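Worksheet for the structure shown next.
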Amino acid sequence: MARGVSIEEYTGGEGLERLRQWATLDLGEIARRIGITRTTLNRWCKKSDVIRSVLYDREKCEAVEKEIYKCCFDRTQVVKLHKQVLDKNGEIKELVEDKVVVLPADFRAQKYWLNNRNPERWRDKVEVSVDAVQGGTVMLPLAEMIDEKSEE
């Protein structure tokens with residue numbers, strides 16, 4: 001790897017902005033783009049709170065992305081139910097029962113994921129040509145287009 005790259009170049013200014021732009025990449029790719037090894041990047045994270053916070057935010061964003069993606073599909077979750085039951089002797093006993101609960105897909109998570117994954121195809125607004133004479137385009141909310149078509 002290249003020598004002469006210092007941590008100071010990436011703790012402020014343009015270097016820090018580049019790190020923020022690369023925040024969605026994995027740490028190995030970020031290190032490669034800087035021109036250092038992954039081990040050196042780990043050392044930088046221990047030395048610099050600024051670099052660590054930028055990369056920590058990236059990890060939190062990745063965790064949130066994964067959870068949003070999971071919410072796009074039906075899934076199951078095991079829940080522990082605690083019940084109190086009277087036995088034959090009149091004593092209260094605690095029963096713990098595992099119950100499988102089906103969590104339905106969340107359409108808002110699906111919409112969010114699709115809008116951000118492929119905005120050209122799944123955005124809320126659609127380009128509509130106004131008139132060939134005017135030669136312009138207008139962005140209309142999708143709901144307005146549906147209302148106009150239903151009136152015809």
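All figures in this text were calculated on a predicted structure; none of them were measured in a lab.
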Side chain proximity check, I51 to I7, heavy atoms < 4.5 angstrom: yes
Test side-chain contact (heavy atoms from CB on, under 4.5 Å) on V54 and L16 and set out the steps. CA-CA 8 Å; V54 168; L16 187 59; 3.8 Å; yes
Heavy-atom pair with the smallest gap, counting every atom of E29 and L25: CG-CD1, 3.7 Å
Given the rule that I, L, V, M, F, W and Y join up when any side-chain heavy atoms are under 4.5 Å apart, are L103 and I68 in one cluster? no
Working to the nearest 0.5 Å, report the span between CG of L19 and CD of E9. 11.0 Å
For the residue pair V5 and Y10, establish whether any side-chain heavy-atom pair is separated by less than 4.5 Å. yes
Which residues end up grouped with V85 if you chain together Ile, Leu, Val, Met, Phe, Trp and Tyr wherever their side-chain heavy atoms are less than 4.5 Å apart? L95
Donor-acceptor under 3.5 Å (R75 side chain, F73 main chain): yes
Evaluate the side-chain proximity of V96 to L81: yes if any heavy-atom separation is below 4.5 Å, no if none is. no
Pairwise side-chain contact, W22 with L27, heavy-atom cut-off 4.5 Å (strictly under): no
Please tell me if the side chains of K93 and L86 come closer than 4.5 Å, counting only heavy atoms from C-beta onward. no
Taking atom CZ of R117 and atom CD of E65, what is their separation to the nearest 0.5 Å? 8.0 Å
Closest heavy-atom contact between A105 and C72? CB-O, 3.4 Å
I'd like to know if the side chain of D87 reaches the main chain of N89, judged simply by a donor and an acceptor atom lying under 3.5 Å from each other, with no hydrogens or angles considered. yes
For atom CD of E94, decide whether the heavy atoms of other residues, nucleotides or ligands shown that lie under 6.0 angstrom number more than 12. yes
Looking only at non-hydrogen atoms, find the nearest pair between C45 and L55 and report the distance. SG-CD1, 3.3 Å
Evaluate whether atom CZ of R108 has more than 12 neighbouring non-hydrogen atoms of other residues, nucleotides or ligands under 6.0 angstrom away. no
Interatomic distance, NZ@K46 vs CH2@W44, rounded to 0.5 Å, equals 15.0 Å
If you define the side chain from C-beta out and look only at heavy atoms, does anything of T40 sit under 4.5 Å from I34? no
Taking C-beta and beyond as the side chain, do I30 and D26 meet within less than 4.5 Å on heavy atoms? no
Quick one: CD on Q77 to NZ on K99, what's the gap to the nearest 0.5 Å? 13.0 Å
Sequence neighbours excluded, every pair satisfying ring-ring contact (aromatic ring centres under 6.0 Å, His included) that has a member inside residues 83-123: Y69-W113
With salt bridge (Lys or Arg N to Asp or Glu O under 4.0 Å) as the criterion, how do K83 and E97 come out once you've worked through the C-alpha distance, each side chain's angles and the decisive distance to 0.1 Å? CA-CA 8 Å; K83 294 182 181 179; E97 185 179 305; 3.5 Å; yes
Main-chain N/O of V50 paired with S53 side-chain donor or acceptor, under 3.5 Å: yes
Find the distance between CZ (R33) and CD (Q21) and round it off to the nearest 0.5 Å. 10.0 Å
Measuring from atom OG1 of T37 to atom CZ of R32, what distance do you get when rounded to the nearest 0.5 angstrom? 13.5 Å
